[in-house]
Peer 1: 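Below you will find the structure I want to go over with you.
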Amino acid sequence: MDLRKCHGCQSPLKYTKFSSRCDACNKDHHYNKQGYKCDSCSFCIHEECLIADMPSRHKHPLKIINCDYYKELCHLCVTPRYPEILYHCSQCRFHICIPCAREPLIFSQTKAHHHELHQVIIELPFTCDACGLCTDNKYPCLCLQCCFIIHRTCISLPRVIYINRHDHRISHVSSLAHGKWICGVCYEHVNGEYGAYSCSVCSYVVHSVCATYKKVWDGRELEGVPEEDEKEESKPFEAKDQEVIKHFSHEHNLKASLSSSRLEEPREHCCACTLPLYSELCYKCTQCDYFTLHHACANLPMQKRHEISTQILTLSDNSQHGSNPKNLFFCVACQRHCTGFSYFPEKDPTFLSIEDCQRFYTDFAYFTVNPKFFSIDVRCASISDVFKHESHPHWLFLYFDWFYSTCGGCDSDCRFYLRCNDTYGCGDYNICFACATLPTLVRHKYDNHPLTLCYDGKNANVSYCCGICEEEDLIQKYDYRRPSLKSWFYKCNECGSTLHTKCVFKDLIHSRPGYSLVMANKGSFDLLPNNSLSRPICYLCKIRCRGDFVLNKKADSNIFICCSCGFSYDFFFEK
């Protein structure tokens with residue numbers, strides 16, 4: 001190290017006494033020790049920290065060096081610092097930071113072990129007793145009394161935590177009972193002879209590394225923290241009697257009833273999931289006609305954990321996105337515009353401004369590391385942990401990929417998706433959340449009968465014509481190991497008509513006619529059914545509106561916009 005120049009600004013260093021923090025050893029109190037200081041950027045270093053004569057720490061001579069941030073780290077503590085000032089061995093490429101070099105490498109009163117742990121400064125291959133990972137050429141910490149060996153980073157593993165894959169607390173244990181254990185995060189085998197996290201309430205087990213992954217654990221250590229009040233959670237409604245409830249999302253009472261048993265074009269849609277009501281139990285408002293909830297949607301938990309976020313999610317009956325936060329949001333899982341109920345992070349929610357929404361489209365990675373910036377619709381939130389879908393014979397698991405993966409149902413690119421475990425040799429069968437949440441039975445104005453979702457053509461090399469766009473597609477014989485593109489479609493079993501899923505559901509799966517939307521800074525629009533004899537002309541694309549719904553501007557009832565234009569990137573963010 002050049003003692004005449006500062007590490008950061010390359011200004012001359014001044015030999016003097018100082019009492020501020022040393023940038024080499026990071027100690028605060030120095031009592032006017034001798035050292036070097038930069039007057040330009042306040043860089044300070046002890047004179048004793050520049051001495052590299054430490055025969056007890058390493059067998060070769062060491063010299064002090066400056067390293068770029070994160071380029072080289074101490075081989076023992078692997079702690080990033082700035083500036084990174086290390087002792088370096090040119091013979092074996094060994095690095096050690098000044099705190100590790102000067103302090104005894106003995107760890108006592110640790111959570112990981114009841115005896116003292118000594119760090120060995122020799123590269124050894126070993127299997128860590130705390131996490132079960134076999135490591136080549138690392139510097140372990142040893143208990144000399146009971147032959148306990150551990151990574152230094154595993155010494156500070158939290159003892160009790162919550163993760164987003166499980167509803168109960170999990171605790172770190174030194175070993176598991178005999179049995180075949182599968183990790184609840186990566187779904188791989190867990191060796192019960194080594195440390196792992198387990199649930200005391202149910203037989204749930206997670207690898208130590210998987211449990212403390214930053215996208216699984218919220219970073220809180222709960223040892224010594226009183227258990228949260230885990231009595232019966234606050235229900236989304238108050239029961240007035242056996243048939244009447246008062247739901248949090250509506251000002252009037254709701255009464256249990258049976259929706260229409262006829263599969264006609266439904267007039268009622270659930271306000272939570274926005275799907276139509278057929279012959280099923282539901283709750284209807286006793287004073288107004290428009291508010292209806294499925295029985296299951298009325299019982300949605302007010303709070304839940306989901307793999308998509310490390311924070312606990314809270315149920316909301318209004319969207320929390322946009323400059324006017326109501327009535328419309330963008331689901332981060334299926335990447336559709338939604339008009340129903342949503343789940344969003346409970347802790348410190350920060351909702352999207354217009355600029356944030358624009359950044360969501362252009363810099364999606366930003367939102368994966370800022371989990372408070374999102375909402376997820378209740379249909380996607382219902383898909384948690386392992387999931388069984390009719391399109392595939394095996395269980396599917398939720399994955400997130402920084403790079404896009406291709407959906408086997410619609411051929412679209414997706415980052416959040418469900419994938420079959422490679423154990424079955426299915427060739428990475430993936431389906432996106434948009435396909436996973438498609439209803440299996442729908443009604444559409446192009447056919448008088450109910451339509452069923454189909455996943456294969458049954459017969460090889462059969463050509464199907466979509467009744468909406470009138471395009472022909474060649475549906476190849478279905479093989480779940482190699483799903484063919486465009487293999488999902490809706491079919492009428494009565495008359496044999498077929499429709500693309502993308503034509504049946506474009507920008508919205510379902511919505512209630514007359515529903516009002518706030519389209520960012522474009523004003524308020526009514527969502528109207530496109531069922532008039534003469535379809536209106538879109539104000540933006542200048543052609544007659546297709547699809548089931550049109551947007552009608554409240555401030556000017558003569559302005560109509562088709563959904564494909566209204567939910568486009570350009571319309572949302574044009575100046």
Side-chain angles (χ1 to χ4, degrees), residues 112 127-135 151 153-154 156-177 179-223 304-313 332-333 343 345 368-369 371 374 376 380-389 392 394-403 405 414-424 426 428-433 436:
T127 300
C128 176
D129 286 322
C131 68
L133 290 182
C134 182
T135 307
H151 293 121
T153 54
C154 291
S156 57
L157 281 174
R159 312 315 297 168
V160 182
I161 61 174
Y162 264 122
I163 63 173
N164 60 5
R165 307 296 178 98
H166 196 60
D167 291 330
H168 307 139
R169 291 184 175 191
I170 58 175
S171 304
H172 191 270
V173 294
S174 58
S175 62
L176 301 171
K180 186 177 181 181
W181 301 101
I182 301 298
C183 176
V185 174
C186 69
Y187 311 108
E188 299 292 340
H189 172 69
V190 179
N191 192 334
E193 297 180 3
Y194 299 97
Y197 284 88
S198 68
C199 177
S200 60
V201 179
C202 54
S203 57
Y204 185 82
V205 170
V206 187
H207 287 123
S208 298
V209 174
C210 294
T212 53
Y213 184 49
K214 64 180 181 180
K215 291 183 181 179
V216 175
W217 175 44
D218 61 5
R220 294 186 302 153
E221 162 68 87
L222 300 178
E223 186 178 33
K304 72 174 303 178
R305 298 183 185 275
H306 195 273
E307 292 89 333
I308 211 164
S309 172
T310 58
Q311 299 184 32
I312 193 167
L313 305 181
V332 71
Y343 281 98
T368 62
V369 295
F374 77 91
I376 177 172
C380 293
S382 67
I383 300 176
S384 182
D385 203 9
V386 293
F387 180 69
K388 192 70 173 66
H389 196 268
H392 196 69
H394 308 138
W395 289 99
L396 303 177
F397 306 95
L398 191 152
Y399 284 87
F400 169 79
D401 197 346
W402 285 102
F403 304 98
S405 293
C414 51
R415 283 193 172 99
F416 292 107
Y417 57 94
L418 298 157
R419 187 175 74 184
C420 179
N421 197 310
D422 293 337
T423 304
Y424 300 103
C426 297
D428 293 336
Y429 179 85
N430 304 327
I431 58 172
C432 65
F433 271 79

Peer 1: Would you name the heavy atoms of Ile383 and His306 that are closest together and state the gap between them?
Peer 2: O-NE2, 2.7 Å

Peer 1: Asp218 side chain to Gln311 main-chain N or O, any donor-acceptor pair under 3.5 Å?
Peer 2: no

Peer 1: Partners of Tyr204 by ring pair (Phe, Tyr, Trp, His ring centres under 6.0 Å), sequence neighbours excluded?
Peer 2: His166

Peer 1: With rounding to the nearest 0.5 Å, note down the distance linking CG in Leu176 to OG in Ser203.
Peer 2: 11.0 Å

Peer 1: Answer yes or no: does atom NZ of Lys388 have more than 12 heavy-atom neighbours from other residues, nucleotides or ligands under 6.0 Å?
Peer 2: yes

Peer 1: Using the side chain to side chain contact (heavy atoms under 4.5 Å, CB included) rule, take Leu157 and Ser208 through it: C-alpha gap first, then chi angles, then the decisive distance, then the call.
Peer 2: CA-CA 8 Å; Leu157 281 174; Ser208 298; 4.1 Å; yes

Peer 1: On a heavy-atom basis, which atom in Leu418 and which in Ala436 lie closest, and how many Å separate them?
Peer 2: CD1-CB, 3.7 Å

Peer 1: Taking the side chain as everything from C-beta on, heavy atoms only, tell me whether Arg165 gets closer than 4.5 Å to Val206.
Peer 2: no

Peer 1: Between Lys304 and Ala381 (side chain of the first, backbone of the second, donor and acceptor by atom type, cut-off under 3.5 Å), is there such a pair?
Peer 2: yes

Peer 1: Closest heavy-atom contact between Arg169 and Leu222?
Peer 2: NH1-O, 3.6 Å

Peer 1: Determine the minimum heavy-atom distance between Tyr429 and Ile431, stating which atoms define it.
Peer 2: OH-CG2, 3.5 Å

Peer 1: Starting at OG1 of Thr127, measure out to NE2 of His151 and round the result to the nearest 0.5 Å.
Peer 2: 8.5 Å

Peer 1: Mind checking side-chain contact (heavy atoms from CB on, under 4.5 Å) for Ser156 and listing every partner two or more places apart, or none if nothing turns up?
Peer 2: none

Peer 1: Please list, chain by chain and in numerical order, all residues satisfying salt bridge (Lys or Arg N to Asp or Glu O under 4.0 Å) with Asp129, sequence neighbours excluded.
Peer 2: none

Peer 1: Could you check whether any side-chain N or O of Glu221 sits under 3.5 Å from a backbone N or O of Val160, counting only pairs where one atom can act as donor and the other as acceptor?
Peer 2: yes

Peer 1: Counting C-beta onward and ignoring hydrogens, is there a side-chain heavy-atom pair between Trp217 and Pro158 closer than 4.5 Å?
Peer 2: yes

Peer 1: Give the minimum heavy-atom separation between Ile308 and Ala333, together with the two atoms involved.
Peer 2: CD1-CB, 3.8 Å

Peer 1: Assess whether side chain to side chain contact (heavy atoms under 4.5 Å, CB included) is satisfied between Ile161 and Ile170, documenting all intermediate values.
Peer 2: CA-CA 6 Å; Ile161 61 174; Ile170 58 175; 3.6 Å; yes

Peer 1: Contact between Arg305 and Tyr162 at the side-chain level, heavy atoms closer than 4.5 Å - yes or no?
Peer 2: yes

Peer 1: If you measure from SG on Cys420 to CZ on Phe397, what distance do you get to the nearest 0.5 Å?
Peer 2: 7.5 Å

Peer 1: For His389, what residues pass the side chain to side chain donor-acceptor pair (under 3.5 Å) criterion, not counting sequence neighbours?
Peer 2: Ser391

Peer 1: Looking at every non-hydrogen atom in both residues, tell me the closest pair between Cys154 and Ala112 and how far apart they are.
Peer 2: O-CB, 4.2 Å

Peer 1: Nearest 0.5 Å please: distance from the CZ atom of Phe387 over to the CG atom of Leu396.
Peer 2: 7.5 Å

Peer 1: Quick one: OH on Tyr343 to SG on Cys380, what's the gap to the nearest 0.5 Å?
Peer 2: 12.5 Å

Peer 1: Hey, what's the ring geometry for Phe433 with Phe416, parallel, tilted or perpendicular (30° and 60° as the breaks)?
Peer 2: perpendicular

Peer 1: Within a strict 4.5 Å, meaning less than it, do heavy atoms of the Val205 and Cys183 side chains meet?
Peer 2: no

Peer 1: Whether the side chain of His207 engages the backbone of His189 through a donor-acceptor N/O pair (distance < 3.5 Å, no angle test) should be reported.
Peer 2: yes

Peer 1: Taking salt bridge (Lys or Arg N to Asp or Glu O under 4.0 Å) as the definition, give me every residue that meets it alongside Glu193, ordered by chain and number, with sequence neighbours left out.
Peer 2: none

Peer 1: With sequence neighbours excluded, tell me which residues meet ring pair (Phe, Tyr, Trp, His ring centres under 6.0 Å) with His172.
Peer 2: Tyr197

